[in-house]
Amino acid sequence: MATELLLTFAICRLIVTVGLNVKPAELLVLGFGGGRVSTEWHDLDAASRDFGMLPPSKAETPPLAVVHPSTAEDVAQAVRTAQSGRFAVSARGHGHSINGQSRAPGGVVVEMTSGVGGGRVAVEEGYVDAWGGELWIDVLKRTLKYGMAPRSWTDYLYLTVGGTLSNAGISGQAFHHGPQISNVFELDVVTGNGEISTCSEAQNPDLFHAVLGGLGQFGIITRARIAIEQAPQRVRWIRVLYSDFSTFTADQEHLISLHGGNQKFDYVEGFVIVDEVLTNTWRSSFFSPRNPVKISSLGSSDSVLYCLEVIKNYHESNADSMDQEVEALMKDLRFIPNSVFSTDLLYVDFLDRVHSAELRLRSKGLWEVPHPWLNLFVPRSRIADFDRGVFKGILGNNTSGPILIYPMNKDKWDDRTSAVTPDEDVFYLVALLRSALDSGDVTQGVDYLIDQNRRILRFCADEGIEVKQYLPHYRSEAEWAGHFGAKWERFRRNKMRFDPKHILATGQRIFEPSGVGVHHPHMASW
Ligand code: FAD
């Protein structure tokens with residue numbers, strides 16, 4: 001009874017606030033079945049927040065309700081109600097966006113992590129079925145019970161399947177396996193029309209390709225059939241340092257050109273070291289904090305160093321041959337002598353490495369802080385210019401967090417998906433994963449770092465470096481059109497087809513909702 005009263009209250013608020021033309025009974029029905037509708041303050045507040053914690057969020061209109069679905073049908077019902085009521089509806093994965101992408105100001109947030117996890121692990125056929133709101137860590141745990149694991153990863157596993165597939169899902173395996181969106185066989189999607197559609201290469205391929213990398217614009221992923229392989233038991237994890245950027249990138253590019261059997265590493269990443277002490281970043285648990293490695297101790301006069309990071313997967317029974325393969329691969333690299341840091345650990349511990357850093361930062365109150373991140377795909381032909389202008393220029397000697405840099409092969413990305421990459425065979429991810437601190441030092445503050453991001457983007461524009469944002473954030477349709485380039489017309493057509501009322505994922509700020517009475521903040525105010 002209390003729940004129904006709350007719901008009635010929520011519906012009245014929706015009607016008054018946004019002029020809904022939905023019958024209250026239609027919304028009420030959302031509260032029945034397996035799903036649950038909440039208008040409780042803490043739910044609304046949680047659904048308004050994201051990992052970015054950037055200033056505009058404080059002024060933002062919260063959603064008016066949060067739906068906790070249990071099944072795809074609950075999601076479809078929420079979307080159908082939103083469609084007839086003409087209010088925004090956004091899926092929220094784990095809310096690990098930076099710029100409010102999973103919000104639905106004045107609308108309804110579908111909290112996907114509440115759905116039922118689980119799904120078939122088909123060892124012979126090589127796939128696992130996952131609920132769209134399932135965390136990758138849980139998918140990993142389920143598949144490991146069968147000695148299997150997905151092939152392509154993100155560095156951090158507390159992200160949802162639907163959330164990363166709406167972007168791309170990249171990590172050091174992408175050079176070989178492609179991003180996560182290249183490792184999906186089939187999806188169940190609730191489109192903006194409220195229909196549940198199964199799609200794949202063979203069935204509804206337009207929807208399938210549109211949704212992958214589609215920033216939530218065409219439908220809510222409720223199930224993904226993900227490629228899996230036999231899981232290795234352990235990994236050899238190696239880091240080596242470079243002072244010369246072109247030597248570093250040449251070695252990275254050499255390593256991502258290797259694809260044959262055991263004659264390759266299984267993961268290739270890297271990062272930039274601008275700060276003096278190598279432990280001064282949350283990715284560096286590898287270097288012992290009790291024994292900090294100083295740049296100067298390596299005999300380098302350069303203020304910037306580059307760290308190549310590779311792993312080799314193996315089974316205990318093959319440890320000897322793995323040693324030889326690693327040795328052969330390392331012989332071809334030209335890193336600073338005596339700068340080899342190597343460790344050996346369980347595969348699952350390697351994949352889950354960022355979580356340990358998260359727990360450490362949480363214990364110091366350094367996780368829930370603003371994160372003005374900037375992620376860029378930089379074409380290989382201009383990465384040296386980027387190094388000169390950004391790593392050795394704009395950043396100065398203060399990075400405020402890890403800076404990842406690693407190359408990927410474009411032929412591992414399917415151009416039919418909505419994801420956008422530079423127009424070159426090889427491009428780099430540059431990820432500036434900064435945390436802003438309220439320490440009194442203005443250069444660590446959120447405004448300074450946001451401004452630095454703008455300067456980096458302006459530098460790229462002025463120098464004609466055709467970067468593409470990963471996890472993109474733009475304010476106007478013209479900017480989005482520029483981002484999607486040749487894919488823009490198709491993206492727009494797909495929107496008309498699969499979400500004609502523009503009710504889905506309005507937090508991305510790509511399309512103005514077209515429905516009467518939809519409350520939406522001015523795009524320009526962002
Ligand atoms: P949300 O942030 O909740 O949602 C993101 C977007 O997807 C929103 O527009 C939302 O509406 C939409 N969406 C969510 N669920 C669905 C669904 N089921 N169907 C359709 N649309 C949906 N990314 C990488 O590629 N590689 C990395 O290594 C990596 N590391 C990260 C590490 C950390 C610590 C963090 C915070 C993020 C990292 N990311 C990485 C970024 C991550 O992929 C994005 O934040 C992504 O949005 C996934 O987060 P989420 O599941 O919380 O989705």
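Both counts, for ligands and for their atoms, begin at 1 and track the order of listing.
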Undergrad: For the CG atom of Leu351 and the CG atom of Leu144, what is their distance to the nearest 0.5 Å?
TA: 8.0 Å

Undergrad: So does Glu479 have more than 12 non-hydrogen atoms from other groups sitting under 6.0 Å from CD?
TA: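 Yes, because the 6.0 Å sphere around CD of Glu479 holds more than 12 heavy atoms from other groups.
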
Undergrad: With heavy-atom distances below 4.0 Å as the criterion, list the atoms of ligand 1 near Asn167.
TA: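 Those atoms are 46 (C), 47 (O).
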
Undergrad: Decide whether a cation-pi geometry holds between Arg239 and Phe341; the criteria are a distance under 6.0 Å from NZ or CZ to the six-membered ring centre and an angle within 45° of the ring axis.
TA: no

Undergrad: Have a look at Ile98, Ile170, Leu157 and point out the one with the heavy atom closest to atom 27 (C) of ligand 1.
TA: Ile170

Undergrad: Give yes if a backbone or side-chain nitrogen or oxygen of Ala168 is under 3.5 Å from a nitrogen or oxygen of ligand 1, and no if not.
TA: no

Undergrad: Where the closest heavy atom to atom 8 (C) of ligand 1 is concerned, which of Gln180, Gln101, His355, Glu358 has it?
TA: Gln101

Undergrad: Do Leu207 and Thr191 have side chains that get closer than 4.5 Å, going by heavy atoms?
TA: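 Yes, side chains in contact.
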
Undergrad: Quick check: Met112 and ligand 1, any N/O pair under 3.5 Å apart?
TA: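 So ligand 1 has no N or O lying under 3.5 Å from an N or O of Met112.
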
Undergrad: Quick one, Val272 and Leu404 - any side-chain contact, counting heavy atoms below 4.5 Å?
TA: no

Undergrad: Run the numbers for me: atoms of ligand 1, each under 4.0 Å from some heavy atom of Gly169, listed by number.
TA: 25 (O)

Undergrad: Between Glu111 and Arg92, is there a side-chain N and carboxylate O pair less than 4.0 Å apart?
TA: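 Yes, this pair counts.
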
Undergrad: In terms of the angle between their ring planes, are His483 and Trp480 parallel, tilted or perpendicular, with boundaries placed at 30° and 60°?
TA: perpendicular

Undergrad: Report the member of Thr160, Leu159, Thr154 with the shortest heavy-atom distance to atom 39 (N) of ligand 1.
TA: Leu159

Undergrad: May I ask whether Gly219 places a heavy atom under 4.0 Å from ligand 1?
TA: yes

Undergrad: Got a salt bridge between Lys501 and Asp499, using NZ or NE/NH1/NH2 to carboxylate O under 4.0 Å?
TA: no

Undergrad: In the structure I gave you, are the side-chain heavy atoms of Pro150 and Thr143 within less than 4.5 Å of one another anywhere?
TA: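 Yes, at least one pair of side-chain atoms sits under 4.5 Å.
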
Undergrad: If you take the nearest heavy atom of each of Gly163, Gly214, Ala357, which one is closest to atom 53 (O) of ligand 1?
TA: Gly163

Undergrad: Just jot down the ligand 1 atoms closer than 4.0 angstrom to any heavy atom of Gly216, in number order.
TA: 21 (N)

Undergrad: If you measure from the Lys or Arg side-chain nitrogens to the Asp or Glu carboxylate oxygens, is any gap between Asp129 and Arg120 under 4.0 Å?
TA: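 A salt bridge is absent here (no side-chain N lies under 4.0 Å from a carboxylate O).
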
Undergrad: Check for me whether Gly95 has a heavy atom closer than 4.0 Å to any atom of ligand 1.
TA: yes

Undergrad: So, does Tyr158 sit close enough to ligand 1 that a heavy atom of it is under 4.0 Å from the ligand?
TA: no

Undergrad: Out of Tyr156, Trp153, Trp367, indicate the one that has the non-hydrogen atom closest to atom 30 (N) of ligand 1.
TA: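 The residue whose heavy atom sits nearest atom 30 (N) of ligand 1 is Tyr156.
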
Undergrad: Just jot down the ligand 1 atoms closer than 4.0 angstrom to any heavy atom of His94, in number order.
TA: 3 (O), 50 (P), 51 (O), 52 (O), 53 (O)

Undergrad: Go through ligand 1 atom by atom and flag the ones less than 4.0 Å from a non-hydrogen atom of Ser97.
TA: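 What qualifies from ligand 1 is 1 (P), 2 (O), 4 (O), 5 (C), 45 (O), 47 (O).
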
Undergrad: Considering both backbone and side-chain atoms of Leu471, is one of its nitrogen or oxygen atoms within less than 3.5 Å of a nitrogen or oxygen in ligand 1?
TA: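 So ligand 1 has no N or O lying under 3.5 Å from an N or O of Leu471.
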
Undergrad: Determine whether the side chain, the backbone, both or neither of Trp131 has a heavy atom under 4.0 Å from any heavy atom of ligand 1.
TA: neither

Undergrad: Any side-chain heavy atom of Lys468 within less than 4.5 Å of one from Thr421?
TA: no

Undergrad: Below 4.0 Å, non-hydrogen atoms only: which portion of His371 touches ligand 1? Side chain, backbone, both or neither.
TA: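 None of His371 does.
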
Undergrad: For the side chain to side chain contact (heavy atoms under 4.5 Å, CB included) test, which of Glu358, Arg360, Lys364 pairs with Arg362?
TA: Glu358

Undergrad: Are the side chains of Arg103 and Val109 in contact, using a 4.5 Å heavy-atom criterion?
TA: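 No, every pair of side-chain atoms sits at 4.5 Å or beyond.
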
Undergrad: Give the numbers and elements of all ligand 1 atoms closer than 4.0 Å to a heavy atom of Ser166.
TA: 7 (O), 13 (N), 20 (C), 21 (N), 22 (C)

Undergrad: Atoms of ligand 1 less than 4.0 Å from Phe51 heavy atoms?
TA: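 Counting from 1, the qualifying ligand atoms are 36 (C).
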
Undergrad: Mark up the atoms of ligand 1 that fall under 4.0 Å of a heavy atom belonging to Thr164, in ascending order.
TA: 43 (O), 48 (C)

Undergrad: Could you tell me whether some N/O pair between Gln508 and ligand 1 is separated by less than 3.5 angstrom?
TA: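 In this structure, Gln508 places an N or O atom under 3.5 Å from an N or O of ligand 1.
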
